[in-house]
Each structure stands twice: as C-alpha cells, then as structure tokens.
Amino acid sequence: MVTDMLMNTFGPNRNPIDIDPEETGEWREALRAVLETQGPERAAFILDALRDQARRDRVRWIPRMETAYVNTIGADEQPDFPGDLALEQRLCAIMRWNAIAMVLRANAAYGELGGHIASYASAADLFEVGFNHFFHAGSASCPGRGDLVFFQPHSAPGVYARAFLEGRLDAHDLAHYRQELRGPAEGARGLSSYPHPYLMPDFWQFPTGSMGIGPISSIYQARFMRYLTHRNLLDCASRKVWGVFGDGEMDEPESMSALTLAAREGLDNLVWVVNCNLQRLDGPVRGNGRIIGELERLFSGAGWHVIKVLWGSDWDGLFARDIDGALANALAETVDGQMQTFAAKDGRYNRENFFGRNDALARLVQGLTDEQIDQLRRGGHDLVKIHAAYAAAARHAGQPTVILAHTKKGYGMGSAGQGRMTTHSHKKFGTNDLLAFRDRFDLPLSDAQIQDLAFYKPADDSPEMRYLHGRRKALGGYLPSRRTDADRPPVPPCDSYARFALASDGREISTTMAFVRMLGSLMKDAALGPRVVPIVADEARTFGMANLFKQVGIYSSVGQRYEPEDIGSMLSYREARDGQILEEGISEAGAISSWVAAATSYSVHGIAMLPFYIYYSMFGFQRVGDLIWAAADQRPRGFLIGATSGRTTLAGEGLQHQDGTSHLHAATIPNCKAYDPAFACELAVIVDHGMREMLEEQQDVFYYITVMNENYGQPPLPAGANEHILRGGYLYAGIGSAQASERVTLLGSGAILPEVLRAAEILAGLGFGCDVLSITSWSELARDGRRAEEAGLCGEPADAPHITQLLRHCAGPVIAASDYVRAVPEAIRAYVPQGRRYFTLGTDGFGRSDTRSELRRFFGVDAKAVVDAALAVSGASA
C-alpha cells in the first residue's frame, strides 16, 4: 500500500497537488541556498545523492527528462556576439529575397518545376550563424577538409542564394534553378532541387533529400572521423560534423536509429541543429503535443547534450518580469497546433488570445504595441541566441549536442504563408505580398525590381560583401564544396593475394570463403592494407571472418575493457582503439552508413579508403535500398558483398532470408556494377579490376558482388578470360560432341552455374553438344547492349553487344538460369541473335526452408530443370 502511494505521488503519473506547500518551500529554499553559497556543481551533487538514496529506499521516482519551455542558456550566460549584427541581418535578408526570387521565377516560367520557400525562411538565421562563425572549410586551426555540414534539403535555394553573393554562382545560374537540362544548353549551370553531389559534384557534399538519411549519415561520418584518428590515418580532432535537420524529419526511423551510438561513442564532434518550425508538409508535426519537449526527452534519454533556443532577445525582458512563472507556464501549456496559429496571426490576436489568458500575462505586455508583439521573435530567428547555442555546442565535451531551435515556418512571409498549413508548398506571391516582404526586411529594391523578381547583389566593395568574404576567409573558404583530389594508393598484383583462386586445382571452397581469404591477404599489404575497411552487421562469424578479429581487431573508441570469454582461442574476440573491422551490430542501416562514410572518404577527407561491407544479400538493397541510392548520389567507391546470396543457397533460413531480387535492384543504379561470379577465379578478377578502377583510376563507381556459402570445386582462371569476365560473361566450356546434330547453349551464373554444368553433362549423354557460358554479370551485359543500341540510333559505328558476339559463336536454343528472379536473365533477351529461342529459368516467388537440392527442384533451377527446358525448346525428348 505504501508502495502504491509512493508510485502515485512520485511515479510517472505523479499527483501534481502539493499536500504540504510549506515543507516544499523549505526544500526549495535549501537548494537555493546551496546554489548561492556553493555553486551549481555542489547542488547537482546533492541532487544526485538524493536520487541515489531514493532508489535505495525503493522510491520509484524518475526525474523528468524535459525542462521548462525556456532557453537553456540564460540571457546572463550569453557570450558577447562577435560579429557585426546589423551587417549579418542585412546579408541574411538579401539571401532570403534571392532564394524567394529564384523559386518564384522558376515557377512563373515553368509552373511544374516546384520548389520550396518556407523551409529556408525558417532556417536562414540558423544557416547564417554557422556560415559566419562556425562552419570551417579548412584552415590553420582546422586542417584538411574542414567541417562536414549536412544541409536541410528544402533549404537548398538559400544555399544557392549565398553562393550567388559569394560569386560561386551567377544570376544566370539562379535563373535555371531546377533546370538541369535546360541550364547547360543555355550557357548556365542548372541547379539541382536538393543537395545532390552526383549532379553538382564540385558543390554539394552530402545528399539529404530523402528524409532521415542525412541524420544517420552524419552520425556515422562523425564516428568514421574518430576511426581515422584512432587508427593514425588522419587527424580529425579539430573538425566537426554539423547537421541542420527538420523537426518533422525526426519521425523517420533512420533519424533516430543511431542516437545511442553517437552518445555511446562520445561523439562531441557532432552537432545537430533541429529546425523546430513545428510544421511538416501537411500540418503540425505534433498538433496536440509539443515536438520540442518530445525531442528533448528523446535526446536526453539517449545521452545527448540538449540546448534549447526557443525565444529571442526581445523576450528576455518579459521573462525577467515574470516573477511568478506565468509566462513560462503558459508557454508550457500551449500545444504546437495552437502555437502555429499564433505564428500565423497578428499582434492583436496574440495579445487577446495568448497574453489575454490571465491578468499576469496581460500585465507583462502592457507597454507593448500590437506591432511590437507581432515582432517578438522565436529563438531560431535571433542571431545572438543562435550564436550562444552554437558556441556552447562547439565547446561541449564528451557528448554529441543537439540544438532545438524554435522557428516559424515561412518566417517573414506574412499573410502569404507564415505559419500556415499550406506554407510548405507555397510558391506564389502576389505583388502586395512581395512588397510587404521587402519592407519587412528593409531590402533596397524598387517596386519595379520587386515585380520583376530581380536578383540583388550589393557592390563588391560594399560593407556587406567585404564582411561576407572576410568571414568565410577567416573560416578557411567557401561551403558547401566538394573536392576529389585524393591520394592514389597502389593496388597490389592480383597474384599476391589471390593466387590460390587464380590457379586452383579443383579444391572445394565457397566463394564466400575465397573472398574472406583474399580480404585477409589484402589487409597484410603494407601500402593498401591500412586503407581496407571491413564492415559487418554482427555476421562476421557466419561468413568465416572470425580469424580477422585477432589479426586486425574490431574498432572500439575505448579499446577493450574486459577479458573476453574466448581469450585463449585463436579466434578470440578482440576490440582495440586502432581496430580495423567496423562491427556495427544488428543494424544494416548503420553498417551501410559506415560503408558510405568510408567509401566517400576520398572526397570528404582527401584519403582514399577501401570499404568492404559483407552481409546477407537479402538485407541489402531490399532493406536499405534508399540509403544505397543516396550513397550512389554521393559517388562512393567501395565494395558491397552480398554473401550467402541467391534464393536457394541459404537453404534452411527461409522466406525473409533468401534473396532473389538484389541483382534486379542493383541494375537500377547507374554507377553500381553488379556481378554474380560462380568461381573464386572470377571473383579475384572482379575485385582486382574494381580496386584499380576506384583507387588508381579514381572512377566514381562502386561494386556489388554476390558470393555463396556452398562448397564446390574451383577451377583455375581460363586463359584470356579476364576481359570477358569483366564485360559480363565468357565461354566456359564446350561439353559433348562438337559435331552433334542437336546443339544447345546454356547460360548460368553464381551458384546455379554448377547445376548448368551438370545439366550439360546429362545432355551430352543424350547426344547434345552444349556450349556453357559463365555469366558473371547480367546487368553489365544488358548495359553493354543498350550502349550499342544507342550508338546505332545515333548513327555511330558500334560493335555488336558482347553477349550477342558470344552467342554467335554458339549454336542452338539458349537456356539461361540464375538463382534470382527471371527478370534478371530476361535483361539480355533483346541482344540474343535473331532466330535463336531464348528461355529463362529463375526463382520467382517467395523462398522456403529446405535443403538446396529441394529448393532448386521447387523453383526449377536445378540440373534436371535445365535439361527439361533444353529438351522442350529443342523439340527433342529424353
């Protein structure tokens, strides 16, 4: 009964009624006395001691993770603002105008182009404080590539507007916003809708257009910087990762999925700024709640340092006079839906409906006019408050920091869109709205210039321009900016690490184990070895990689603080501060984000790394396809290894583990080269070429290679096969009599090629002559065919597609089989010589749990199915 009473009084649903106000007052006075005489550190110690005592006495009390709805940094704690406040405000106003003009001009000319105004309107001040005071581009104090900055994607027009003032874009470029085809044709640079490094490879660093991907990527980039530092590859100690994201974006699972990793790793080189304009595309982020309070609880609970920037400097006087806490209580009781209504309404409405709630609130604004109430700024629009928060975040040690900045969506848009439900998609302004915007921000533009949506740039020798360039010079240069001047580590000869595969004598081994053996040898190479980054998602033992634990260690920022249970084993689990393996736990999203950080290191850090992410192939494209697509946008260089691949290779695991479609997904990504080798010698040729293409030639491609856990005899590399392997296929063997009247051509890839070879032996026994082609890449064959077609359409001379040439040297109907859905081998149908029957076998449908032989029989991709298909299409009978 006592426990129930304590839970009711102090638990999550504790009763707010104070049954003894006098005693409560005494406790408060005691705490205040400690603060005044001994300081906040002593007060915090006593509070911790009381909490510990309460837990020992089984008082089930949990402190609230949410603080009052006021600024974390008090007015008396703010540092002096180090810049020219008036100049920065003028510059920001100019950028606001150019961003609006850019979007409005594009939509006036081509109404379907779209574009966003309101997001940048809310985030402009958050960006500008960073640009003017914190975002380093590399300097004596911040060497190398400088800070990494992830920009809220819908605010891209504002970043272009700044680049225009900086002289990196001109007015003609701005006039071609979202016109990436028309722009170059008209002598301009077409500007992409959102940050897209693939489309603007010298400008944008990080793609953030798909919500949630920017946040998780920023965490793993920050962790990878620590990895480089701890492994003595590159000193990143003075650099930070900044991310400006939206409060609505925090609903994405990817945004939240790695918060505890950032805290666990103590990533104090990471700062998030969450633009809390309280509104997503359709309406409030939390209409009936408060997203800022929710995010504070979430981040605090995850171990982040939280700084709230809620109210501007013009609120300081109101809070100072609010002796009884009436203002703080009223703000805490206002849900976001109502807060947005206040944002959309004028000063009179706010006086009557917010400050008119009670006499105490009304007295606070007695000396203010309606216009002054209307001009009360939220903290995210006050450069002084923002700077104080950024400065505190930059010097905070031991934790990642999140700044929750309260803003108004569509800030400054007035009746045209400020705080309105439709403001996200607002892209049209009436003349009066534009004139009001000019007057609101005191822009030096005539009525005619406003109506013409003229871009504005102050004279080069104006105070504004001198200040803008001076601030960026002090911070090392201009951002965003993407560079590719990385070093070129030498790739060792293939024979030095894959001799066993190139000259195999038929030994039985799986291609997965062949890959692991190659990987281990590569990491021993003096030049390239340290650049190799093995990445797994809690599956290293599954793939036979446990021997690497001792060899190179598992990366841990704190080393190994325990004695592992298997310490005496040759395969013992070894964590180390300079460990090379990134073991990401059960998180495919985290593992692919680590891969992206390593695969883009050549650009982000100027040091080329070589990541290999090995995983169950089913948990790649199908599971984190959006992250892989965003990675492609970022021009990565590295290997994705889809292990235990195919629908029948993994056998007993069943439906959700058996991959039949990853090669279909991979084929849709232009800079992804996908291969399904059957033999270790083919794998070695592909890995060797990929490393040379990415490291030595510095081509912006990445490789997806599927490997299997099935043991079978491995042949040596056929003479002269290298080029054909890379192009997608080669004639592996002729089986049966070359003079046989019945001939058939059999195509197979990956784990199904051995079935095709067995089928060829059976058919040879039936009097057939069989040509067997090993298909290493269906998608590369299809791309080669399309290139030949396109050249022909343009009247250019072109060789026949590679697969066409291969098949011309063979005879009879063509049977193609793989461990993937039939759409994979169907990709080359158009390039089969005319008059040749083409029949495909695949693993369409859902997977099952059973043995490999039963599964292959069920899906119709075993040797018997290949034989039956050959007999059927040739018109013969067994």
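These values consider heavy atoms only, across backbone and side chains, with no hydrogens, waters or symmetry-generated copies.
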Ring centre gap for [X] and [Y] strictly below 6.0 Å:
X      : Y      : result
His387 : Phe134 : yes
Phe151 : Tyr160 : no
Trp242 : Phe150 : no

Self-check item: Mutual orientation of the aromatic rings belonging to Phe81 and His133 [parallel < 30°, tilted 30-60°, perpendicular > 60°]
Solution: perpendicular
Practice problem: Give the ring-plane orientation class for Tyr478 versus His469, where under 30° counts as parallel, over 60° as perpendicular and anything between as tilted. | Solution: perpendicular
Atom pairs and distances, side-chain donor-acceptor, residues 209-220, under 3.5 Å, sequence neighbours left out:
from	atom 1	to	atom 2	distance (Å)
Ser210	OG	Asp626	OD1	3.4
Ser210	OG	Asp626	OD2	2.4
Ser217	OG	Ile213	O	2.7
Ser218	OG	Pro215	O	2.7
Ser218	OG	Trp272	NE1	2.9

More than 12 heavy atoms of other residues, nucleotides or ligands under 6.0 Å from [atom1] of [X]: is that the case?
X     : atom1 : answer
Asp76 : CG    : yes
Asp80 : CG    : no
Asp48 : CG    : yes

State the [atom1]-[atom2] distance between [X] and [Y], to the nearest 0.5 angstrom.
X      : Y      : atom1 : atom2 : value
Phe206 : His196 : CZ    : NE2   : 15.0 Å
Leu174 : Lys457 : CG    : NZ    : 10.0 Å
Met95  : Met102 : CE    : CE    : 11.5 Å
Ile117 : Ser155 : CD1   : OG    : 12.0 Å

Is it true that [Y] and [X] share a donor-acceptor pair across their side chains at a distance under 3.5 Å?
X      : Y      : answer
Asn275 : Thr407 : yes
Glu88  : Tyr467 : yes
Arg377 : His406 : no
Thr67  : Lys308 : yes
Glu265 : Ser557 : yes
Arg223 : Tyr227 : no

Exercise. Work out which heavy atom in Thr72 is nearest to a heavy atom in Glu77; give both atom names and the distance.
Key: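 Taking every non-hydrogen atom into account, O-OE1, 3.9 Å.
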Self-check item: Over all atoms of both residues, closest heavy-atom pair of Ala330 and Leu361
Solution: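 That would be CB-CD1, 3.7 Å.
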Self-check item: Contacts of Arg90 that satisfy side-chain hydrogen bond (donor to acceptor under 3.5 Å, both in side chains) - sequence neighbours left out
Solution: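 Counting only residues at least two positions away or on another chain, Arg90 forms a side-chain hydrogen bond (donor to acceptor under 3.5 Å, both in side chains) with Glu464.
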Quiz prompt | cation_pi(Arg290, Tyr69) dist<6.0 Å, angle<=45 | solution = yes
